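Remember, predicted model here, so these are calculated numbers, not experimental data. What's counted below: heavy atoms across the whole structure, side chains too, no hydrogens, waters or symmetry copies.
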Amino acid sequence: MEFETLTLDIDGLRTVVKAIGTGPAVLALHGAATLEGYAWARGLADRFRVYLPFHPGFGESDEASHFVGMQDMIAHNLRLVSALGLDRPHLVGHSMGGWMAAEMAVVAGERFSRLVLNAPAGLNHPDHPGADLASIGPEALPAYLAHNVDVALRYFPGGAECPPLDEFLAAREKEGQALGRILGVHGMGHPNLGRWLSRIPNETLVVWGEKDRMLPALQAAIWAERIPNARLLIIPDAGHFAMQEKPETVSALGDFLAG
């Protein structure tokens, strides 16, 4: 089964969405970069129609220099749901995309069915801080993304799933600028997000790799406690890229959505 490419105009911004599968709709939001791709979604394609947008400024979507924070992303994605004609899709977010999905559920949870937050950013919890991205050199980054570093190395120069070096570097430059505009407001999160989580009405699955070095799994219980209808799934021997390291993570995610 191959991915389809959909191109939409959202408030004058060319937005590219990959789609695969048949069944109930799932909107899946990527994290702070697109280097790991979307191959994981094949594990849902036999049960769901998965929509995988590139955020403005990321991947194949147009740059959006006028976006100045997460609120712009939230408004954009809610318009995107309408443009795709989706009626209460499931909502899945990884890392920065998990933060994004959580805020979308806070303000418009009734527009979605079930919610999956996979190692979400956003809390900036002082007791369990995430890694300092500015202090991580390129050579060290793969070990922060996967417990089995060989899995992460597939997506970096020299790896089997990495594009040519010039394309890789151009993508990181483009996405780094877009990420900087998001982080320039409050960093990788919002100081009040923890207070907002009780507003999420959706049945929620919080998923976390036990060995995550980017965002510590000790945050997982905080998310699960503050979202009223949440359950928790910790993936043993997996890092931030739990879906890539442990394919059974995707199966568990699908079972929750299908439930």
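Without hydrogens or angle criteria, R14 side chain to E60 main chain gives a donor-acceptor distance under 3.5 Å. With hydrogens and angles disregarded, no donor-acceptor distance shorter than 3.5 Å links the side chain of Q219 to the backbone of L123. At distances below 3.5 Å, at least one donor-acceptor pair connects side-chain atoms of E245 with backbone N or O atoms of G239. N77 places no side-chain N or O within donor-acceptor distance of the main-chain N or O of L80, the cut-off being under 3.5 Å. Judged by distance alone, the side chain of K18 and the main-chain N or O of Y51 form no donor-acceptor pair under 3.5 Å. In this structure, D212 contributes its side chain and M214 its backbone to a donor-acceptor pair below 3.5 Å. Side chain of N202 to backbone of G109: a donor-acceptor contact under 3.5 angstrom is found. Although no hydrogens or angles enter the test, the distance criterion places no donor-acceptor pair under 3.5 Å between the side chain of H94 and the main chain of H30. Here the side chain of R114 pairs no donor or acceptor atom with the backbone of T204 at under 3.5 angstrom. S65 contributes no side-chain N or O that, together with a main-chain N or O of E63, makes up a donor-acceptor pair within less than 3.5 Å.
Taking all atoms of both residues into account, the shortest heavy-atom contact from I200 to A102 is CD1-O, 3.9 Å. Nearest approach of G254 to L44, heavy atoms of both residues: CA-CD2, 3.6 Å. Of all heavy-atom pairs spanning H128 and P216, the tightest one is O-CG, 3.4 Å. Between I20 and E2, the closest heavy-atom pair is CG1-O, 3.9 Å. Listed here is the closest heavy atom pair of G57 and A178: O-CB, 3.6 Å. The nearest pair of heavy atoms linking A242 to T249 is O-OG1, 3.5 Å.
Salt bridge status for R79 with D11: present, with a side-chain N to carboxylate O gap under 4.0 Å. Taking 4.0 Å as the cut-off between side-chain N and carboxylate O, E167 and R172 do not count as a salt-bridged pair. Salt bridge annotation for R154-E36: absent, with no cationic side-chain nitrogen under 4.0 angstrom from a carboxylate oxygen.
In this structure, W196 has its ring center under 6.0 Å from that of H190.
T22 and R47 share no donor-acceptor pair across their side chains, judged by distance under 3.5 Å alone. At a cut-off of 3.5 Å, with distance as the only test, a side-chain donor of H240 or S95 sits close to an acceptor on the other residue.
Aromatic ring orientation, F241 versus Y155: perpendicular (interplanar angle above 60°, classes split at 30° and 60°). Note: W208 and W223 have tilted aromatic rings, judged against thresholds of 30 and 60 degrees for the angle between ring planes.
In the displayed structure, D127 atom CG is contacted under 6.0 Å by more than 12 heavy atoms of other residues, nucleotides or ligands. Within a 6.0 Å radius of CZ in R195, no more than 12 heavy atoms belonging to other residues, nucleotides or ligands are found.
L117 CG to L205 CG: the interatomic distance, rounded to the nearest 0.5 Å, is 8.5 Å.
Residues M73 and I182 meet the side-chain proximity criterion, which asks for heavy atoms closer than 4.5 Å.
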